[in-house]
Protein chains: 2
Amino acid sequence: MKLETLIVSDNQDIQNEIISKIKELINFKNLEPGDKLPSERMLSDKFGVTRSNVREAIQKLEFYGLLKSIPQSGTFVANIGVVAMNGMIDDILRLETPDFKSLVETRILLELKTVKMASLRRNEEDLRRIKEALDAYEAKALLGEPAVQEDLLFHLAIAKASRNSTMNTFMLTITPQIIIDFEKYHVCDKNQAVIGIKEHTEIYEAIKAQDPDLAKQKMKDHFSILYQYCYNVK
Amino acid sequence: MKLETLIVSDNQDIQNEIISKIKELINFKNLEPGDKLPSERMLSDKFGVTRSNVREAIQKLEFYGLLKSIPQSGTFVANIGVVAMNGMIDDILRLETPDFKSLVETRILLELKTVKMASLRRNEEDLRRIKEALDAYEAKALLGEPAVQEDLLFHLAIAKASRNSTMNTFMLTITPQIIIDFEKYHVCDKNQAVIGIKEHTEIYEAIKAQDPDLAKQKMKDHFSILYQYCYNVK
DNA sequence: ATCTCTTAACTGGTTAACCAAACAATTATG
DNA sequence: CATAATTGTTTGGTTAACCAGTTAAGAGAT
């Protein structure tokens with residue numbers, strides 16, 4: 001486990017170094033939007049790393065919209081000014097792995113919004129899926145078993161019903177880390193699962209009644225314990 | 001361009017198909033948390049695709065915390081129930097590329113929160129960086145040139161000052177797509193850049209004064225035009 | 001029969017060779 | 001001299017061979 005973390009960390013460091021060097025190169029050569037970068041092979045030679053490393057770094061910058069690779073042609077600087085380019089690369093380089101507090105803060109923000117949207121936009125199909133998730137959670141919780149996953153599936157069903165694909169994606173993105181942190185910090189270990197049934201049911205009823213403000217309030221109540229806990233952890 | 005979109009789409013389809021088959025396999029074989037999946041080579045044989053394709057699919061599921069690859073050992077089902085597994089895979093398969101409206105909705109939600117946090121948590125260094133971005137934007141806007149990138153850099157500087165790494169990452173994630181959509185739908189084409197100077201300055205002053213509610217209000221005002229526009233587009 | 005040690009195969013990860021498309025320079029042709 | 005055809009080179013992408021570590025089966029000793 002330790003070893004793996006170290007390796008990942010090394011890879012990250014190498015990639016960040018390459019990204020940093022690409023940035024320097026762009027600045028040094030005064031490359032402007034549309035200009036071509038040196039080929040992957042030249043870059044890997046120049047930086048003394050493998051082409052795979054260079055490719056990964058380029059793909060990361062491509063993900064953030066800073067570069068654009070065109071097959072059999074080359075890698076080009078995106079249509080973005082040199083100032084923005086430098087600023088964004090700096091931000092990307094300094095991206096931290098999200099801490100628990102920031103995850104919970106973000107999750108609460110998203111959930112309070114998605115539950116309102118879900119109340120307004122949900123159709124019968126959405127409602128059915130949310131109910132299904134609720135029932136699955138209730139069944140597990142009543143058995144006294146840990147139901148963290150069923151819990152989060154209920155919330156994901158709401159996110160889906162919000163009909164906002166971006167927030168839905170974000171919820172999916174943070175869910176695995178939330179699960180890991182919950183287990184790490186032993187959140188939801190106690191009998192809170194049983195309390196959760198009532199809270200979940202109330203949220204579901206509010207969505208069913210298409211009452212966005214009530215739904216938001218019930219969601220807020222649901223998170224009040226977690227909220228306090230999260231601020232105590234840090 | 002068309003060709004490329006097609007290829008990407010094909011790749012996406014193949015990947016989704018593989019993910020779907022992996023899901024079926026897990027269900028059919030009743031694999032439980034900790035169980036080992038068949039090797040990448042066997043899967044690629046079985047599915048009639050390349051190992052690269054299988055690897056990408058596995059990596060995607062790994063990103064969402066559903067699988068865990070261990071070098072020289074195998075790929076394992078994460079510690080997540082079969083119900084949650086199925087639910088999350090379905091969600092992942094149905095992930096849509098975010099539409100403009102959902103992007104703007106999400107951006108506004110994030111910005112109203114980060115500007116409050118930035119007001120409370122910013123230090124002098126943060127403030128300096130925000131001011132820098134503001135000045136760069138002002139300089140560009142006064143020249144009558146399009147300053148979309150400088151605009152977004154200002155907002156990214158605020159997100160950074162919020163000291164919430166998750167929201168900061170999310171802002172970075174949506175920024176390139178926002179830029180593309182802004183150009184596509186010709187947002188900010190007119191002289192709105194000049195109006196933006198005043199609004200940006202007011203936001204900056206509120207952050208400087210550490211007044212979270214005022215900052216939020218000014219940000220809201222700043223987005224009112226975009227908000228309307230976004231709902232007209234759809 | 002049981003336990004230990006060796007060995008061979010199997011694993012995900014990595015590297016290097018290969019591919020087809022795009023581009024540039026050169027040559028042939030009007 | 002200008003233009004079109006062609007050929008050789010360069011590109012990002014793909015594929016297949018390779019690697020080091022793990023695993024488990026099997027031989028041998030007790």
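Chain identifiers are assigned alphabetically (A, B, ...) following the order of the sequence lines, protein sequences preceding nucleic acid strands; residue numbering begins at 1 within each chain. Note that the coordinates shown come from a computational prediction; the quantities given were computed from them, not determined experimentally.
Taking the salt bridge (Lys or Arg N to Asp or Glu O under 4.0 Å) definition, one finds that B:D35 meets it with nothing, sequence neighbours left out. Here B:T50 pairs with B:S52, B:N53 under the side-chain contact (heavy atoms from CB on, under 4.5 Å) rule; sequence neighbours left out. Residues passing the salt bridge (Lys or Arg N to Asp or Glu O under 4.0 Å) test with B:E40 are B:R51, B:R55, sequence neighbours excluded. Considering only residues two or more places apart in sequence or on other chains, B:E132 meets the salt bridge (Lys or Arg N to Asp or Glu O under 4.0 Å) condition with B:R128. Every ring-ring contact (aromatic ring centres under 6.0 Å, His included) that A:F223 has, sequence neighbours left out, goes to A:H155. Residues that satisfy the salt bridge (Lys or Arg N to Asp or Glu O under 4.0 Å) test with A:D126, not counting sequence neighbours, are A:R129, A:R163. Listed by chain and residue number, B:D135 satisfy the side chain to side chain donor-acceptor pair (under 3.5 Å) test with B:K131 (two or more places apart in sequence, or in another chain).
For the OP1/OP2 pair of D:dG13 and a distance below 4.0 Å, the side-chain nitrogens and oxygens of A:R55 include at least one atom meeting the criterion. Proximity of B:S73 to the phosphate of D:dT23: a side-chain N or O atom is located under 4.0 Å from OP1 or OP2. The phosphate of D:dG12 (OP1 or OP2) has a side-chain N or O of A:T75 nearer than 4.0 angstrom.
Within residues 40-47 of chain B, the residues having any heavy atom under 4.0 Å from DNA chain D are, by residue number, B:R41. Scanning residues 22-39 of chain B for heavy-atom distances under 4.0 Å to DNA chain D yields an empty list.
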Can you tabulate the close N/O pairs, meaning under 3.5 Å, that link protein atoms to atoms of nucleotides 7-9 of chain C?
none

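With rounding to whole Å, A:Q72 atom CD is found 10 Å from C:dA20 atom P. The separation between A:I70 atom CD1 and C:dC23 atom P is 8 Å, rounded to whole Å.
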Let me have the donor-acceptor pairs involving side chains of residues 19-28 of chain B, under 3.5 Å, with sequence neighbours excluded, atom names and distances please.
| unit_1 | atom_1 | unit_2 | atom_2 | d |
| --- | --- | --- | --- | --- |
| B:K23 | NZ | B:D90 | OD1 | 2.8 |
| B:N27 | OD1 | B:N86 | ND2 | 3.0 |
| B:N27 | ND2 | B:K23 | O | 3.3 |
| B:N27 | ND2 | B:N86 | OD1 | 2.8 |

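A rotation axis mapping the C1' atoms of four pairs onto the next four is fitted at both ends of the helix from C:dA1-D:dT30 to C:dG30-D:dC1 over five pairs, and the angle between these axes is 30° to 10 degrees.
For A:R51, taking side-chain heavy atoms from C-beta onward, the closest of the listed nucleotides D:dT14, C:dG13, D:dT23 is D:dT14.
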